[in-house]
Amino acid sequence: MSAHTTPSAPRSLAEALRARDDASLAALLRSRPDLITPVPTDLTQLATRAGTRASVLRALERLDRFALQTAEALAVAPDPASYGTLLGLMAGDGGEAGVAAALPRAVATLREQALVWGDDERLRLVRTARELLAPTPQHPSPTGLGPTVQEATSGMSPGRIQEIVTTAGLTTTHDSVSAVAALTALFTHRGKMAALLAGAPEAALEVLARLVWGPPYGQVTPEPAAHLRWLLDRGLLLPTAPGTVVLPREVALHLRGGRAHREPEPLPPAVEPAAAHGPQVVDATAAGQAYTALATVEELLKDWDEGGPAVLRAGGLSVRDLKRTAVALDVSEPVAAFWVELAYAAGLLASDGEADERFAATPGYDEWLERPAAERWARLAEAWLTATRTPGLVGGRDAKDRTLSALGPGLDRSAASEVRHRVLTLLAGLPHGAAPTAESVLARLRWERPLRGPRTDDDLRSRLARWTLEEAELLGVTGRGALSAHGRALLGVPATPGAAVPAESSGPGDKLPVHHHHVPPAPEPLSGPERAAAAAAGRLLAPLLPEPLDHVLLQADLTAVAPGPLQRPLADVLGILADVESKGGATVYRFTPASVRRALDAGRTAADVHAFLAAHSRTPVPQPLAYLVDDVARRHGHLRVGAASAYVRCDDDALLNEILADRRAAALGLRRLAPTVLATRSDPAALLEGLRAMGYAPAAESAEGDVLIARAHAHRTPPRTAPEPVPDGPPAPDATLLGAAIRAIRAGDLAATAPRKPSGGRAAGGELPRTSSAETLATMQAAVLTGESVWIGYVNAEGSASQRVIAPIRVEGGFVTAYDHTADEVRTYPLHRVTGVAELAED
């Protein structure tokens, strides 16, 4: 089957592009957006840009494995090559059916990418791609093939070439060119080669078998063994340097049965399910984890409410502070780094920019807290999906061997967002409730982007994929390894089991995927459809999240059990009045003298505490808890601490005597000023802490003698925006930009290639036309009368020269008003800036 046929063979890539329709050009520019940055002036410039090394390498990196194998085969094929020759290299002498069926699509992909041009009889790989993929001694081809006979014998003496021809059983020729051609014809003839190798020594065949799949180079001694001499004498091995020989490409292809690759991979490896769960189980598990994610982020930022850790001089969080954060959240350090980075990506956390710079919550965090739980999760999920910062790199080393720290520089990886999207899309291609094996996901990604990393589990894309699977589970996008219904909605995939899978996933009936170089990297800001997808995900999640409770269960052992999430005001007050003892499905709070004193320090009275407990407990307030509150309240404020540097005053001088007699008070340096007053050189804060450590319950007082109420001060950064993702190359153009770019390129091409009538004043080649002012004016006026278009040279106010095709409408006052085919609009040009004019030929 022919992959593609054109009526007339193009002579260049520019001609091939000129023959394309607008839809085909749009597909090229969409898949290779670097080609319109900036917009080319015409198709010749577009073709030139499409052949630059940087652009070609980027296009090759976005090919899947089979399309890349096809390009590699064309790089070792004759230039140009017929479709039949390419099919032989890909499918071999046996004509493997799967390869033959997939090849037309691979060739179409290479054509669409402007990496291949020409009809099926003369397929040409663009020169830069051939240079990148063709084998050289320094850079062996991925096919494992070596140079051709002609290339390998280029430096060989004519006499030696004739000796090889004679020994191989061929007739001596009169020149080296015909001798090499005869040797090449022998090596490419299956029957004659089989007869030649039938007489080879067994050891010689073993040597060929070791070299056949590459690398094709070997070492020989100055006096090679008999079996090596047999190969050298017949040109089956050719010397390339002293002591080095190479297996010619034609010989290797014969031994391989005509195949350029040992294992052509026309079909993407399937993503295999490791386990299957009920959809309801998956969704419920994911929802539970989503709620835990919200609670963890809140706990993190609540811990940093009065100002978090200091910012390192080089930026980021210190190793010690990351460890402390991990302990506070009761998670491992890598997981703590993930939560910190997620809060930063969502714009909830930033540095405050002060002189002693610290991390703190942003004003956006307070707004986020006011949102319903499902909306808060949607914001975290969309920030994670589009972020290019990569928490998995924390603790590693950068190119200068510096440690990469959480919230620090150097964590952006432009491929991160694309890999996250792709991994989740692959999960969406499985039945609802099916969890894939990580190995099959990695194998699929390596097939889709083989040039983005080596074939190992340690390349960046593989590590990004593994981190994606772990982070999706932590965030509640997946449950038990399977994509949840709200996770599918986040991608814009129908949430019902068996629903259609996005095109790039490829279903069973369409084994070769639509190559996802068509799928642009994740956008930097979320677009309208993506925001709608995130909102839809939140709506699906909302019914699965537990409703916040307005009560706890008080127990006689001075604990309170919250059987579920608490309403925020209740949780905030209880967090001051008691200490969290354990978390899980139910949270256990413990009341201690210190925690009750903390509530009294915050301005609450004993009566307030009793009323709060009675109002929010489904069980009677236990007597031990009531006694604890009354006992701490009775002693609270009995001692007063002020500034002397600091002093303690108390109406009970016996209590002060007790403090002075206590050995633990020696470090405080207390001395009696009066029967009811003790003074110290310590500051009030240290004195307060010291007395509390001794078991007392002092209260701080102001200069007026009033009790100071200690309220938590919420430290916030100035308004901050979330970090922008680092794009993976130029952003994919939208339909409006594509349409405008194609019109401009077409118009510029028309101006550059439109046939012109011969004119004595016209410059040769592609230069601007040159005519006198009188001739320019006369030609313009004639064009107004006839309504015909003309070709002009024009220099704008900045001095930039261009050539345009215009249809003059009016000439007056030193200006020409015309419809400009290049700009696709009516414009007015000063005649003194027109360098010349030429009429277009009638055809």
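Here the shortest heavy-atom pairing between Pro78 and Thr85 reads CD-CG2, 4.2 Å. Nearest approach of Glu72 to Leu133, heavy atoms of both residues: N-CD1, 4.0 Å. Scanning both residues, Pro733 and Pro33, for their nearest heavy atoms gives CD-CB, 3.7 Å. In plain terms, the two heavy atoms of Pro266 and Gly98 that are nearest each other are CB-O, 4.0 Å. The shortest non-hydrogen separation linking Pro450 to Leu63 is CD-O, 3.2 Å. Across Pro436 and Gly481, no two heavy atoms sit closer than the pair CD-O, 3.4 Å.
In this structure, CG in Leu17 is found 10.5 Å from CH2 in Trp117, a value given to the nearest 0.5 Å. To the nearest 0.5 angstrom, Leu445 atom CG is 6.0 Å from Leu426 atom CG. Rounded to the nearest 0.5 Å, atoms CG (Leu25) and CG (Leu35) are 10.5 Å apart. The line from CD1 of Ile36 to CG of Leu737 is 4.5 Å long, rounded to the nearest 0.5 Å. Interatomic distance, Leu28 CG to Leu46 CG, rounded to the nearest 0.5 Å: 6.0 Å. One distance of note links CD1 of Ile164 with CE of Met156; it measures 4.5 Å at 0.5 Å rounding.
Within the 4.5 Å cutoff, side-chain heavy atoms of Gln219 are placed close to those of Thr244. Counting only heavy atoms from C-beta outward, the side chains of Arg463 and Leu393 approach each other to under 4.5 Å. At least one side-chain heavy atom of His261 sits less than 4.5 Å from a side-chain heavy atom of Thr143. Side-chain contact between Leu110 and Leu123 is absent, with no heavy-atom pair separated by less than 4.5 Å. No side-chain heavy atom of Arg420 sits under 4.5 Å from any side-chain heavy atom of Leu464. Using a 4.5 Å heavy-atom threshold, the side chains of Leu208 and Leu247 count as touching. Under the 4.5 Å side-chain criterion, counting only non-hydrogen atoms from C-beta, Phe187 is not in contact with His254. Counting only heavy atoms from C-beta outward, the side chains of Thr70 and Val116 never approach each other to under 4.5 Å.
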(Q) If you apply the rule side-chain contact (heavy atoms from CB on, under 4.5 Å), what do you find for Leu196 with Met193, and how did you get there? (A) CA-CA 5 Å; Leu196 178 63; Met193 268 297 283; 4.2 Å; yes
**Q.** Chi angles and distances behind the side-chain contact (heavy atoms from CB on, under 4.5 Å) call for Asp79, Arg124
**A.** CA-CA 6 Å; Asp79 186 30; Arg124 291 184 182 273; 3.6 Å; yes
Q: Check the pair Glu112 / Ser24 against side chain to side chain donor-acceptor pair (under 3.5 Å), numbers first and verdict last.
A: CA-CA 7 Å; Glu112 179 189 293; Ser24 179; over 6 Å; no
Q: Could you check Asp22 against Arg746 for side-chain contact (heavy atoms from CB on, under 4.5 Å), going step by step and ending with a plain yes or no?
A: CA-CA 9 Å; Asp22 286 356; Arg746 292 277 193 208; 3.0 Å; yes
Q: Give the C-alpha distance, both sets of side-chain angles, the deciding distance and a yes or no for side-chain contact (heavy atoms from CB on, under 4.5 Å) between Glu439 and Glu272.
A: CA-CA 9 Å; Glu439 291 71 21; Glu272 300 172 356; over 6 Å; no
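For Arg160, the CZ atom sits in a packed shell: over 12 heavy atoms of surrounding residues, nucleotides or ligands are nearer than 6.0 Å.
Counting only distance, with no hydrogens or angles, the side chain of Ser12 and the backbone of Glu15 share a donor-acceptor pair below 3.5 Å. The closest donor-acceptor contact from the side chain of Gln113 to the backbone of Ser31 lies at 3.5 Å or more, if one exists at all. Of the possible polar contacts, one joining the Arg444 side chain to the Pro269 backbone as a donor-acceptor pair under 3.5 Å is found. Under the 3.5 Å distance criterion, the side-chain polar atoms of Ser462 are left unmatched by any main-chain donor or acceptor of Leu442. Thr425 contributes a side-chain N or O that, together with a main-chain N or O of His421, makes up a donor-acceptor pair within less than 3.5 Å. In terms of modelled atom types and a separation under 3.5 Å, the side chain of Gln69 and the main chain of Ala260 share no donor-acceptor contact. A donor-acceptor pair is defined here as one N or O able to donate and one able to accept, closer than 3.5 Å; no such pair exists between the side chain of Arg122 and the backbone of Pro10. Judged by distance alone, with hydrogens and angles left aside, the side-chain atoms of Arg249 form no donor-acceptor pair with the main-chain N or O of Pro147 at under 3.5 Å. Using a distance-only test at 3.5 Å, with no hydrogens or angles considered, no donor-acceptor pair links the side chain of Thr390 to the main chain of Gly392. Without hydrogens or angle criteria, Thr166 side chain to Thr172 main chain gives no donor-acceptor distance under 3.5 Å.
A salt bridge links Arg449 with Glu418; the closest basic N to acidic carboxylate O contact falls under 4.0 Å. The existence of a salt bridge linking Arg58 and Glu61 is excluded, since no basic side-chain nitrogen approaches an acidic carboxylate oxygen closer than 4.0 Å. Salt-bridge check for Asp42 with Arg18: failed, with every basic side-chain N at 4.0 Å or more from each acidic carboxylate O. Ion pairing between a basic and an acidic side chain is recognised when a charged N comes within 4.0 Å of a carboxylate O; Glu131 and Arg127 show such pairing. The existence of a salt bridge linking Arg30 and Asp734 is excluded, since no basic side-chain nitrogen approaches an acidic carboxylate oxygen closer than 4.0 Å.
A side-chain donor-acceptor contact under 3.5 Å links Ser55 and Arg32. When only modelled atom types and interatomic distance are considered, Gln150 and Thr184 share no side-chain donor-acceptor pair under 3.5 Å.
Applying the side chain to side chain donor-acceptor pair (under 3.5 Å) test to residues at least two apart or on different chains, the pairs with a partner in residues 188-199 are Asp93-Arg190.
For the side chain to side chain contact (heavy atoms under 4.5 Å, CB included) test with Leu427, the passing option among Thr468, Leu469, Leu491 is Leu469; the others fail. Phe66 pairs in a side chain to side chain contact (heavy atoms under 4.5 Å, CB included) with only one of the listed residues (Glu265, Arg105, Met90), which is Met90.
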